[in-house]
Undergrad: 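The structure that follows is given in the form of structure tokens.
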Amino acid sequence: MFVRSIGSTDKRFRPITFRDGLNILVAERSEGAVQGDSRNSVGKTSVVLVLRYLLGSSLPNDFKAPELVDHVFTGTFDLPDPQSVGIQEVYISRAVSPTTRVRVHGWSATNGKSDVHIDEWRELLARHLFHVPATATRPTVGQLWGQLIRSYFGNPTKGHGSEADWESGAKLGHLLGLSSELLSEAGDIVRLKTQSKVLNKAVQEGAVSHLALDESSLRAQVANARRQRDKTAEELSGFRVDERYADHQDAADSLTARIGAINDETLSLRRRQREIAAALFEKDSAPAEARVVDSLTRLYAELGVVLNEAVARRYEEVEAFHHSVVRNRRSFLERESQAVGARLTWLDASRRRLDTERADIMTLLQETVALNTFMEAQKSLARLEAEVADLERRLESASSLSGLGDQIKIRTANLTSAVRTELNERAETLEAPIAMFSELGGEIYTEREARLLIKPTSNGLLNVEPRISGDRSTGVQGVETFILDIVSVITAISLARAPRILVHDSHLFDATDGRQVASCLNIGARLADAYDFQYIVTMNSDFLDTVETQSDGAFDAAPYILDTKLSDEGEDGGLFGFRFD
């Protein structure tokens, strides 16, 4: 892919045409101008942002101005034809508003569509320019453009300040020929770690009240709740509902009371029966009375007194009366005994009948249950079911939470091993960029050692570290960034994993010595021709003069300077042709 031109539907915009190899876009600064006098004082960075926007990035904050709301940025690119090995000239336009549509003309990858949604556009670029596998979640096309069309220089390995380490590893690994799918797995582990930390903190702080980390306690609660639930369910399955249960219960209570009254009466009658029996079996008193008369006669005879006939008759009358009384009393007691016996017989029969009736009712009550009791039992079972389900869910959550740490450790160890294996298998492919980094570093800094370190971290991430020995100044970091980007794009081009373009904003060299900048530009020009890619650099004219002067003629910028020049003089010298804040 080459970029041929960029422009805008606004006629004030200064269109720029690019060529093969090294392209230097010069911004001429007037005396007394201060960097950042206004947002688009010159527009060097805006060139980079326009390119990125046409190729799928979000609308930059610098372009969210009322003056640009009607702008439609345009660009002409040479893109590979997915249906052949040829190149197609493709016209791309994208409006500032709305940002969700891109118009594409002349590229067979769109299957004839000219109006493409931004998500589809990014997917097409990822597939046909970078050949990112569909199964890889990283790198995104935005991250890859961030490395090849740079506007951030805070870290050589990152295209944006918020880019995570694992994303940087996946991005650079893809450009250097490693498995994107494998390196993307680091993101899953990072997410698991984040979730684990958040959940553990929430549990410890009581924010998630239903979770507990004590698995053994929860397991015991689950076992007890299940047993109680199963017991209640078993009892409930044997219930037979009796809608007249209350009436039967009242009848049973009434029968019990009647049987109790019969038992009390029977007890009293049996006591009376014993008393009557005792009275009936007493010795007849008549013989005793006769013996009294005989005793009195003998007593008087011994005293020489003979009882008067009248006295003897009197005793006989008393005796006869006594016998009459005894007979009457016996007759009364016998009749009363018969009545008591009959009553006892009736009471016993009644008690037996009532016992049978009560037994039948009690059997019914034992085999059935009241409707309200059954409903309460069902409610109780439902509560137990809910309690068991809640405890099981809590136990599952606790088990998952407790096992999450082990899962993370296992997955991290496996990924670290897999990345190490991947590096060993791709060692031959990696030798070229590693050696090139050292050679280029030695060309720029003859007294420093340059190394490109590629290794797996203990967390399973791929760590790519460009390192130039000596001080860690911003200027040296700029050179590290330059060499890393050059090596990455050349390697990716050889592997058909990146388009043939590299763009650097002038901020890359802000703190770098002019001699080293001259070396970088010479290297960029030489390698762009050798490996057939486009290297675009924006630079202030005064700084470029310094670079040429300090290089003692070793770098001549004239062949590479674009015809279009930007200027901070006047209202129309910048990229947009007018100033806005």
Undergrad: Verify, without hydrogens or angle tests, whether Tyr535 (side chain) and Ile24 (backbone) share a donor-acceptor contact under 3.5 angstrom.
TA: no
Undergrad: Are the side chains of Met539 and Val517 in touch, meaning some heavy atoms are under 4.5 Å apart?
TA: yes
Undergrad: Holding to ring-ring contact (aromatic ring centres under 6.0 Å, His included), I want the full list of residues that pass it with Phe130, two or more places apart in sequence or in another chain.
TA: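 Counting only residues at least two positions away or on another chain, Phe130 forms a ring-ring contact (aromatic ring centres under 6.0 Å, His included) with Trp145.
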Undergrad: What distance separates His174 NE2 from Arg138 CZ, expressed to the nearest 0.5 Å?
TA: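 Answer for the NE2-CZ pair, His174 versus Arg138, is 14.0 Å.
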Undergrad: Can you establish whether the number of heavy atoms outside Tyr531 located under 6.0 Å from its atom OH is more than 12?
TA: no
Undergrad: Excluding sequence neighbours, so at least two apart, what forms ring-ring contact (aromatic ring centres under 6.0 Å, His included) with Phe13?
TA: Phe576
Undergrad: Short question: side chain of Thr9, backbone of Val72 - any donor-acceptor pair under 3.5 Å?
TA: yes
Undergrad: Below 4.5 Å, heavy atoms only, C-beta onward: do Phe2 and Ile501 meet side chain to side chain?
TA: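 A side-chain contact is absent here, since even the closest heavy-atom pair is not under 4.5 Å.
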Undergrad: So how far is it from Tyr91 OH to Leu54 CG, rounded to the nearest 0.5 Å?
TA: 9.5 Å
Undergrad: Please report the interatomic distance OG(Ser8) to CZ(Arg14), rounded to the nearest 0.5 Å.
TA: 13.5 Å
Undergrad: Would a distance-only check, ignoring hydrogens and angles, find a side-chain to backbone donor-acceptor pair under 3.5 Å from Gln534 to Arg19?
TA: yes
Undergrad: Does a side-chain heavy-atom distance below 4.5 Å link Val102 with Ile118?
TA: yes
Undergrad: Got a sec, which pairs hit salt bridge (charged side-chain N to carboxylate O under 4.0 Å, His left out) with one end in residues 429-448, sequence neighbours left out?
TA: Glu443-Arg526, Arg448-Asp471
Undergrad: Closer than 3.5 angstrom, by distance alone: can the side chain of His71 be matched with the main-chain N or O of Asp10 as a donor-acceptor pair?
TA: no
Undergrad: Testing the 3.5 Å rule here: is there a donor-acceptor pair between the side chains of Asp505 and Thr538?
TA: yes
Undergrad: Could you note down all residue pairs passing side-chain hydrogen bond (donor to acceptor under 3.5 Å, both in side chains) where residues 416-425 supplies at least one of them, sequence neighbours left out?
TA: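 Checked against side-chain hydrogen bond (donor to acceptor under 3.5 Å, both in side chains) - neighbours excluded - the pairs reaching residues 416-425 are Glu422-Arg426.
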Undergrad: Do any pairs count as a salt bridge (charged side-chain N to carboxylate O under 4.0 Å, His left out) and have a residue in residues 70-98, sequence neighbours left out, and if so which ones?
TA: Arg4-Asp78
Undergrad: If every non-hydrogen atom of Ile490 is compared with every non-hydrogen atom of Leu527, which pair is closest and at what distance?
TA: CD1-CD1, 3.8 Å
Undergrad: Give every residue pair that meets the ring pair (Phe, Tyr, Trp, His ring centres under 6.0 Å) criterion with at least one member in residues 103-128, sequence neighbours excluded.
TA: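 Listed by first then second residue: Trp107-Trp121, Trp107-His128.
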Undergrad: Over 60° means perpendicular and under 30° means parallel, so tell me whether Phe509 and Phe482 are parallel, tilted or perpendicular.
TA: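 Rings of Phe509 and Phe482: tilted, as their planes differ by 30° to 60°.
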Undergrad: Kindly write out the residues that satisfy side chain to side chain donor-acceptor pair (under 3.5 Å) with Lys455, not counting sequence neighbours, or none if the list is empty.
TA: none
Undergrad: What I'd like to find out is whether the side chain of Thr100 reaches to under 4.5 Å of the side chain of Asp119, using heavy atoms alone.
TA: no
Undergrad: Throw together a table of side-chain donor-acceptor distances under 3.5 angstrom for residues 552-563, partners on residues two or more places apart or in other chains.
TA:
{"residue": "Asp556", "atom": "OD1", "partner": "Ala558", "partner atom": "N", "Å": "3.3"}

Undergrad: Test Phe63 against Val50 for side chain to side chain contact (heavy atoms under 4.5 Å, CB included), laying out the working first.
TA: CA-CA 9 Å; Phe63 295 172; Val50 167; 3.7 Å; yes
Undergrad: State the CD-OH distance between Glu480 and Tyr445, to the nearest 0.5 angstrom.
TA: 8.5 Å
Undergrad: Determine which pairs satisfy salt bridge (charged side-chain N to carboxylate O under 4.0 Å, His left out) with at least one residue from residues 47-59, sequence neighbours left out, and list them in order.
TA: none
Undergrad: Strictly by side-chain hydrogen bond (donor to acceptor under 3.5 Å, both in side chains), give each pair with a member in residues 488-499 just once, sequence neighbours left out.
TA: none
Undergrad: Output, in order, the C-alpha distance, side-chain angles, deciding distance and verdict of side chain to side chain contact (heavy atoms under 4.5 Å, CB included) for Val464 and Ser168.
TA: CA-CA 8 Å; Val464 178; Ser168 300; over 6 Å; no
Undergrad: Distance-only, no hydrogens or angles: does the Asn23 side chain make a donor-acceptor pair with backbone N or O of Gly21 under 3.5 Å?
TA: yes
Undergrad: Is there a donor-acceptor pair closer than 3.5 Å between any side-chain N or O of Gln477 and the backbone N or O of Phe153?
TA: yes
Undergrad: In the structure I gave you, are the side-chain heavy atoms of Leu55 and Phe77 within less than 4.5 Å of one another anywhere?
TA: yes
Undergrad: Carefully, step by step, assess Leu430 and Leu178 under the rule side chain to side chain contact (heavy atoms under 4.5 Å, CB included).
TA: CA-CA 9 Å; Leu430 294 173; Leu178 301 178; 4.2 Å; yes
Undergrad: Does the side chain of Asn414 reach to within under 4.5 Å of the side chain of Glu185, using non-hydrogen atoms?
TA: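 No; the side chains remain at least 4.5 Å from each other.
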Undergrad: Hey, what do you get for CG (Leu176) to CG (Leu452), rounding to the nearest 0.5 Å?
TA: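 Going from CG on Leu176 over to CG on Leu452, the span is 7.0 Å.
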Undergrad: Taking C-beta and beyond as the side chain, do Glu163 and Thr157 meet within less than 4.5 Å on heavy atoms?
TA: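 Of all side-chain heavy-atom pairs linking Thr157 with Glu163, none is under 4.5 Å.
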Undergrad: I want to check something: taking the side chain as every heavy atom from C-beta on, are Leu566 and Leu25 in contact at a cut-off of under 4.5 Å?
TA: yes
Undergrad: Between Ser469 and Glu449, is there a donor-acceptor pair closer than 3.5 Å when you use the side chain of the first and the backbone of the second?
TA: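 Answer holds: yes.
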Undergrad: Working to the nearest 0.5 angstrom, can you tell me the gap between Leu461 CG and Trp166 CH2?
TA: 9.5 Å
Undergrad: Which residues pass the salt bridge (Lys or Arg N to Asp or Glu O under 4.0 Å) test with Asp188, sequence neighbours left out?
TA: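 Salt bridge (Lys or Arg N to Asp or Glu O under 4.0 Å) check on Asp188 returns Arg191, Arg411.
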Undergrad: Report the residues that fulfil side chain to side chain contact (heavy atoms under 4.5 Å, CB included) with Asp485, sequence neighbours left out, ordered by chain and then residue number.
TA: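 Asp485 satisfies side chain to side chain contact (heavy atoms under 4.5 Å, CB included) with Gln147, Arg150, Thr481, Leu502, His504 only.
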Undergrad: Is it true that the side chains of Asn463 and Thr457 contain a donor and an acceptor less than 3.5 Å apart?
TA: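 Their side chains do not contain a donor-acceptor pair, so the 3.5 Å distance test is not met.
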Undergrad: What verdict does the side chain to side chain contact (heavy atoms under 4.5 Å, CB included) test give for Leu172 and Leu462, after you've listed the backbone C-alpha separation in whole Å, the side-chain angles of each residue and the deciding distance to 0.1 Å?
TA: CA-CA 9 Å; Leu172 291 171; Leu462 178 69; 5.6 Å; no
Undergrad: Search all heavy atoms of Ala65 against all heavy atoms of Phe580 and return the closest pair with its distance.
TA: CB-CD1, 3.9 Å
